[in-house]
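Because the structure is predicted, anything quoted here is derived from the model rather than measured.
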Amino acid sequence: MADLIEITPEMFLLANGEGNKLDAKGKENALRQMCHSLGLNPAGVPIQFITLNGKLVPYLTRGATDQIRARAGISTEIVERATVQGAYSVRVKVIMPDGRTDESTGAVNIEGLKGEALANALMKAETKAKRRATLSAVGLGMMDESEIPTEGNQARPQVQAPRPMLSAPAQVAAKSEPAPVKAFDPFPADAEPAKPAPARPEQLKELVRLVKALDLNGPELLKPYGAKVSGDLTGSQAAEIILDLQEQEKERKAIANG
């Protein structure tokens, strides 16, 4: 019988959507267990914590999927590149050592982009496609941050209007009759979408640092998200941009160090 994998309290909190309860030591322990379970070298920072929809979740970076492919002998092949209505997509096929294949697509909005912002968007689509295909091929179908529903897509519960006052006889009659059972409606007609959580101050601070460090055009970087200033970003959008820029920063440092 195979040995059971120990589930630490930190991993249980993450699995239960309560990662925000982890302190610095708890996050360190969770990262150590995930890297050990997946056979990842933590020196390459393959896993990061990001906040999506108010919850702290682990995110496997491109560094993680690069390590997974190298360890498992997985090769990649770009099958298709396409641009449709302002969206650029890349379809990637991964080939396992035993001949099995899997495919996935990465897409980004490129409408109105040019220069370095366009180049970064094109590379991002390829990275997303390779990452998603790799995770799918090895049975780690973790959602991409762009696939997780935002708070704006979640309906708020209906608020019932106050009931009219009844006369005493009517109140007695109403109490004697069982209340009708109302069918659950997950999409109430009069529900209003909740407003997505805005980017947090620490996210905006990190975003400014990365833009300066990489000497990027801030306004061009925000265009795909319909934002004029960084303060217009939602938390999920800011997390996505930060992850992309951190990957670029690591690439530049690696190149500079030879």
Taking every heavy atom of Gly235 against every heavy atom of Gln203, the minimum-distance pair comes out as O-NE2, 3.2 Å
Minimal heavy-atom distance between Met11 and Ala30, with the atoms involved, is SD-O, 4.0 Å
Practice item. Run the salt-bridge test on Glu126 and Arg81 with the 4.0 Å N-O cut-off and return the result as yes or no. Key: yes
inquiry  = Does any part of the side chain of Arg62, heavy atoms only, come nearer than 4.5 Å to the side chain of Lys128, both counted from C-beta?
reply    = no
Interatomic distance, CG@Asn29 vs CE@Met34, rounded to 0.5 Å, equals 10.5 Å
Check your understanding: Side chains of Val92 and Val79: closer than 4.5 Å at any heavy-atom pair?
Key -> no
Under 3.5 Å donor-acceptor, Glu220 side chain and Asn217 backbone
no
dist Arg209:CZ -> Glu249:CD (nearest 0.5 Å) comes out at 4.5 Å
Interatomic distance, CG@Asp102 vs CG@Leu135, rounded to 0.5 Å, equals 10.5 Å
Donor-acceptor pair, Arg131 side chain versus Thr65 backbone, under 3.5 Å?
no
| Any salt bridge between Glu240 and Lys124, counting N to O under 4.0 Å? | yes
Between Leu222 and Val229 the two heavy atoms that sit nearest each other are CD1-C, 3.4 Å
To the nearest 0.5 Å, atom OG1 of Thr234 lies from atom CD of Gln237 at 3.5 Å
For Ala72 and Pro97 the tightest heavy-atom approach is O-CG, 2.9 Å
I'd like to know if Glu77 pairs up with Lys130 as an ion pair, taking the criterion as any Lys NZ or Arg NE/NH1/NH2 lying under 4.0 Å from an Asp or Glu carboxylate oxygen.
no
Under the criterion side chain to side chain contact (heavy atoms under 4.5 Å, CB included), I'd like the reasoning laid out for Lys223 against Lys228: C-alpha separation, chi angles, the key distance, then a yes or no.
CA-CA 7 Å; Lys223 273 186 179 180; Lys228 294 183 179 179; over 6 Å; no
What one should report as the nearest heavy-atom pair of Asn109 and Gly86 is OD1-O, 3.0 Å
Here the gap from Thr101 atom OG1 to Asp98 atom CG, rounded to the nearest 0.5 Å, amounts to 10.0 Å
Q. Is any side-chain heavy atom of Ile242 less than 4.5 Å from a side-chain heavy atom of Leu210?
A. yes
Given the rule that I, L, V, M, F, W and Y join up when any side-chain heavy atoms are under 4.5 Å apart, are Val57 and Tyr59 in one cluster? yes
When every non-hydrogen atom of Ser104 is compared with those of Arg132, the smallest separation belongs to OG-CB, 3.3 Å
> Do Gln85 and Glu111 meet the criterion of a side-chain donor-acceptor pair at a distance under 3.5 Å?
Replying inline: no
* Tell me, do Ile50 and Leu243 make a side-chain contact under 4.5 Å, heavy atoms counted? -> yes
| message | Check this for me: does any side-chain nitrogen of one of Glu202 and Lys205 sit under 4.0 Å from a carboxylate oxygen of the other? | response | no
Subject >> Polar side chain donor-acceptor pair, Arg69 to Thr134, under 3.5 angstrom >> reply: yes
- Heavy atoms, side chains only, cut-off 4.5 Å: are Pro42 and Cys35 in contact? yes
Close side-chain approach of Val90 and Leu122, heavy atoms under 4.5 Å: no
CD of Gln67 to CG of Leu40, rounded to nearest 0.5 Å, is 5.0 Å
### Query
Can you check whether Leu14 reaches Phe49 side chain to side chain, under 4.5 Å on heavy atoms?
yes
Practice item. Compute whether any side-chain donor of one residue and acceptor of the other, for Gln48 and Thr61, lie under 3.5 angstrom apart. Key: no
Just by distance, do the side chain of Asn120 and the backbone of Ala117 share a donor-acceptor pair under 3.5 Å? no
Ile241 and Leu207, any side-chain heavy atoms less than 4.5 Å apart: yes
